[in-house]
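Contents: one structure, followed by commentary.
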Amino acid sequence: MVIVMQNYPDPDALASAAALREFAKAEGISSTLTSGGVVGRAENRALLRYLRLPLRHMNKLDFSKFDAVALVDSQPDTGNKSLPVVVK
């Protein structure tokens with residue numbers, strides 16, 4: 001499963017992604033966390049490090065290789081989020 005956050009993840013997005021990742025792990029589902037932008041604010045980068053979240057940039061992923069896509073702290077077709085056409 002790929003867990004998609006908004007382009008510039010904030011604490012809500014990071015915590016939601018971390019929680020979903022743990023739920024998936026408990027069910028034996030591997031997951032990859034991604035975003036279309038960067039974690040810009042220093043406090044958000046600190047949270048990312050503290051939670052040990054391996055965040056990969058969306059441009060480096062092949063979404064066709066994932067069985068499921070989960071969008072956290074965002075909604076389809078709204079701002080501050082990028083989704084490849086293959087997902088929409």
Side-chain angles (χ1 to χ4, degrees):
M1 169 173 59
V2 62
I3 300 172
V4 180
M5 292 178 279
Q6 54 194 253
N7 288 341
Y8 305 99
D10 60 10
D12 293 347
L14 294 169
S16 298
L20 183 54
R21 180 177 174 234
E22 289 302 312
F23 284 127
K25 185 178 176 182
E27 293 296 319
I29 300 169
S30 63
S31 60
T32 299
L33 279 58
T34 190
S35 172
V38 297
V39 179
R41 292 178 164 259
E43 60 271 24
N44 296 347
R45 288 192 308 270
L47 181 59
L48 187 70
R49 283 190 304 275
Y50 178 77
L51 295 174
R52 297 180 186 186
L53 297 177
L55 182 61
R56 297 189 54 202
H57 195 278
M58 194 176 295
N59 291 343
K60 299 185 186 235
L61 297 179
D62 179 358
F63 276 74
S64 68
K65 298 201 186 252
F66 293 95
D67 293 327
V69 176
L71 185 60
V72 295
D73 195 39
S74 190
Q75 296 178 23
D77 299 322
T78 61
N80 192 22
K81 173 201 31 30
S82 305
L83 282 175
V85 174
V86 70
V87 175
K88 290 184 179 181

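Sequential numbering from 1 along the given sequence is applied to the chain's residues.
- Side chain of S31 to main chain of V2: no donor-acceptor pair is present (N/O by atom type, distance under 3.5 Å, no hydrogens or angles).
- When every heavy atom of S35 is checked against every heavy atom of Y8, the shortest pair comes out as OG-N, 4.3 Å.
- Looking at H57, its side chain never comes within 3.5 Å of a backbone N or O of T34 through a donor-acceptor pair.
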Considering only distance and modelled atom types, tabulate donor-acceptor pairs under 3.5 Å from the side chains of residues 13-28, sequence neighbours left out.
unit_1 : atom_1 : unit_2 : atom_2 : d
S16    : OG     : D12    : O      : 2.8

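- Annotation: the span from S30 atom OG to M1 atom CE amounts to 8.5 Å, rounded to 0.5 Å.
- Atom CG of L33 sits about 4.5 Å away from atom CD1 of I3, to the nearest 0.5 Å.
- Every residue meeting the side chain to side chain contact (heavy atoms under 4.5 Å, CB included) condition with R49, not counting sequence neighbours, appears here in chain and number order: R45, A46.
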Evaluate side chain to side chain contact (heavy atoms under 4.5 Å, CB included) for L47 paired with V39, printing each intermediate quantity in order. CA-CA 10 Å; L47 181 59; V39 179; over 6 Å; no
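- With T32 as the fixed residue, the side-chain contact (heavy atoms from CB on, under 4.5 Å) test singles out one of L61, V4, L55: L61.
- Applying the side chain to side chain donor-acceptor pair (under 3.5 Å) criterion to D62, with sequence neighbours excluded, gives S64.
- Scanning all heavy atoms of the two residues, the minimum distance from M58 to F63 falls at CG-CE1, 3.5 Å.
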